[in-house]
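Before any comments, here is the structure.
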Amino acid sequence: MALAPRFAGQAYSVGLSPKTVHTVELYLDYVCPFSAKMFNTLHQSVLPLVTEKYASKVQFIFRQQIQPWHPSSTLVHEAGAAVLRLSPDKFWPFSAALFEHQKEYFDVNVVHESRNETYKRLAKLAGSVGMDESKVFGLLEISDKPGDDGSLNQGNQVTDDVKLMVKANRRVGVHVTPTVLFNGIEEGSISSGFTGEQWDEWLEKNIK
């Protein structure tokens, strides 16, 4: 599936040319433990390998998959959208930081705080990877005052971005996380338990 320019930071690619033919899409949820397991292996072991061996042959795209049974899922993915809006090159470092701290956004740790309080913590986390904390929060903050037209449910400045992400993901029918697509087709052989060595073997077999 094509990647909208506003979400360009979701792609991890090195030295790609127009002849590049392979795309691995990763549908991950920031508050899914299995997504964290897959992302951490990729970020620490696989992406350096891609840079070394497959830089001109494959790109990885992180598709943000909101899982609504985790109420905080929308909030953390909105933070990802804010980072994409402000500094696309910070998306993968921010994602690494968010997965490292994902338990801080599990139900038990957000249930007693307001939505904007959660956003403030996410903005501070974004600040830890070099983002302007105030700008991130500015995109996330929910006003407690009606809009100019009297609306009471206007969302924040990344609501429309999240709508596009959800719409795109629904088009391919992704449900569980993590889900991996290879050149647009679900690749069921790849699991969250894949080690770096297993990823290397899979890439060696499939990236020609």
Side-chain angles (χ1 to χ4, degrees), residues 1-70 73-74 76-78 80-81 83-84 88-89 91-96 98-99 102 158 160-208:
M1 182 186 294
L3 189 63
R6 72 175 67 185
F7 304 140
Q10 292 176 334
Y12 183 91
S13 55
V14 182
L16 290 179
S17 72
K19 294 182 179 180
T20 298
V21 293
H22 296 297
T23 299
V24 178
E25 297 173 82
L26 312 163
Y27 288 78
L28 307 175
D29 175 28
Y30 285 129
V31 288
C32 165
F34 301 103
S35 292
K37 188 174 183 179
M38 175 174 281
F39 179 90
N40 291 335
T41 300
L42 282 161
H43 195 252
Q44 295 166 15
S45 303
V46 181
L47 298 186
L49 179 69
V50 169
T51 301
E52 177 185 347
K53 296 176 63 175
Y54 306 104
S56 63
K57 297 180 179 179
V58 64
Q59 68 172 340
F60 281 72
I61 297 177
F62 180 162
R63 301 282 190 185
Q64 293 173 244
Q65 176 75 7
I66 295 172
Q67 301 291 42
W69 47 87
H70 300 309
S73 182
T74 297
V76 293
H77 284 288
E78 285 177 322
V83 170
L84 285 169
D89 61 312
F91 176 75
W92 285 76
F94 173 72
S95 296
L98 187 46
F99 275 122
Q102 74 165 189
V158 296
D160 287 343
D161 291 354
V162 168
K163 287 180 180 179
L164 284 175
M165 292 179 189
V166 172
K167 184 176 182 178
N169 293 7
R170 285 175 176 172
R171 292 290 294 176
V172 296
V174 170
H175 175 57
V176 300
T177 54
T179 292
V180 178
L181 267 60
F182 180 55
N183 295 332
I185 299 174
E186 185 171 347
E187 181 53 63
S189 69
I190 297 176
S191 76
S192 61
F194 254 35
T195 63
E197 291 75 16
Q198 287 174 304
W199 269 105
D200 191 10
E201 291 175 4
W202 187 90
L203 289 166
E204 183 71 33
K205 179 181 178 180
N206 291 281
I207 304 301
K208 305 297 184 181

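The line from NE2 of His77 to CD1 of Ile66 is 6.0 Å long, rounded to the nearest 0.5 Å. Between the CD1 atom in Ile185 and the CD atom in Glu25 there is a gap of 11.0 Å [rounded to 0.5 Å]. Here the CG atom belonging to Leu42 is positioned 5.5 Å from the CG atom belonging to Leu26, to the nearest 0.5 angstrom. Residue Arg170 holds its CZ atom at 14.0 Å from CE of Met165, rounded to the nearest 0.5 Å. Considering CG of Leu28 and CG of Leu98, their distance stands at 11.5 Å, rounded to 0.5 Å. For the atom pair Phe99 CZ and Cys32 SG, the distance stands at 7.5 Å (nearest 0.5 Å).
Under a cut-off of 6.0 angstrom, the local environment of CZ in Phe34 is sparse, with at most 12 non-hydrogen atoms contributed by other residues, nucleotides or ligands.
Under the salt bridge (Lys or Arg N to Asp or Glu O under 4.0 Å) criterion, the residue pairs touching residues 183-201 are Lys53-Asp200, with sequence neighbours excluded.
Between Trp199 and Phe194, the ring planes are perpendicular. Angles over 60° get that label, and only those under 30° would be called parallel.
Looking only at distances, no side-chain donor or acceptor of Gln65 sits under 3.5 Å from a matching main-chain atom of Val176. Side chain of Gln67 to backbone of His175: a donor-acceptor contact under 3.5 angstrom is found. The closest donor-acceptor contact from the side chain of Gln44 to the backbone of Thr41 lies at 3.5 Å or more, if one exists at all.
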Item to complete: Check step by step if side-chain hydrogen bond (donor to acceptor under 3.5 Å, both in side chains) holds for Glu204 and Tyr54.
Response: CA-CA 9 Å; Glu204 183 71 33; Tyr54 306 104; 3.2 Å; yes
* To do: Go through the steps to decide whether Ile61 and Val24 satisfy the test side-chain contact (heavy atoms from CB on, under 4.5 Å), and finish with yes or no.
  => CA-CA 6 Å; Ile61 297 177; Val24 178; over 6 Å; no
Stepwise side-chain contact (heavy atoms from CB on, under 4.5 Å) test for Val46 and Leu203:
CA-CA 10 Å; Val46 181; Leu203 289 166; 4.0 Å; yes
I'd like to know whether Leu84 forms a side-chain contact (heavy atoms from CB on, under 4.5 Å) with Gln64, so could you lay out the CA-CA distance, the side-chain angles of the two residues, the decisive distance to 0.1 Å, and finally the verdict. CA-CA 11 Å; Leu84 285 169; Gln64 293 173 244; 3.4 Å; yes
- Where do Asn40 and Met38 land on the side-chain contact (heavy atoms from CB on, under 4.5 Å) test, with the steps shown first? CA-CA 6 Å; Asn40 291 335; Met38 175 174 281; over 6 Å; no
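No side-chain donor-acceptor contact under 3.5 Å links Ser73 and Tyr30.
Considering only heavy atoms from C-beta on, Ile207 comes within 4.5 Å of Phe182 through its side chain.
Here Phe60 and Trp92 keep their ring centres 6.0 angstrom or further from each other. With ring centers used as reference points, Trp202 lies 6.0 Å or more from His22.
What you find for Tyr27 and Thr177 is that their closest heavy atoms are O-CG2, 3.7 Å. Scanning all heavy atoms of the two residues, the minimum distance from Ser95 to Phe62 falls at OG-CE1, 3.5 Å. Looking at every heavy atom in both residues, Ser35 comes nearest to Asp29 through OG-N, 3.1 Å.
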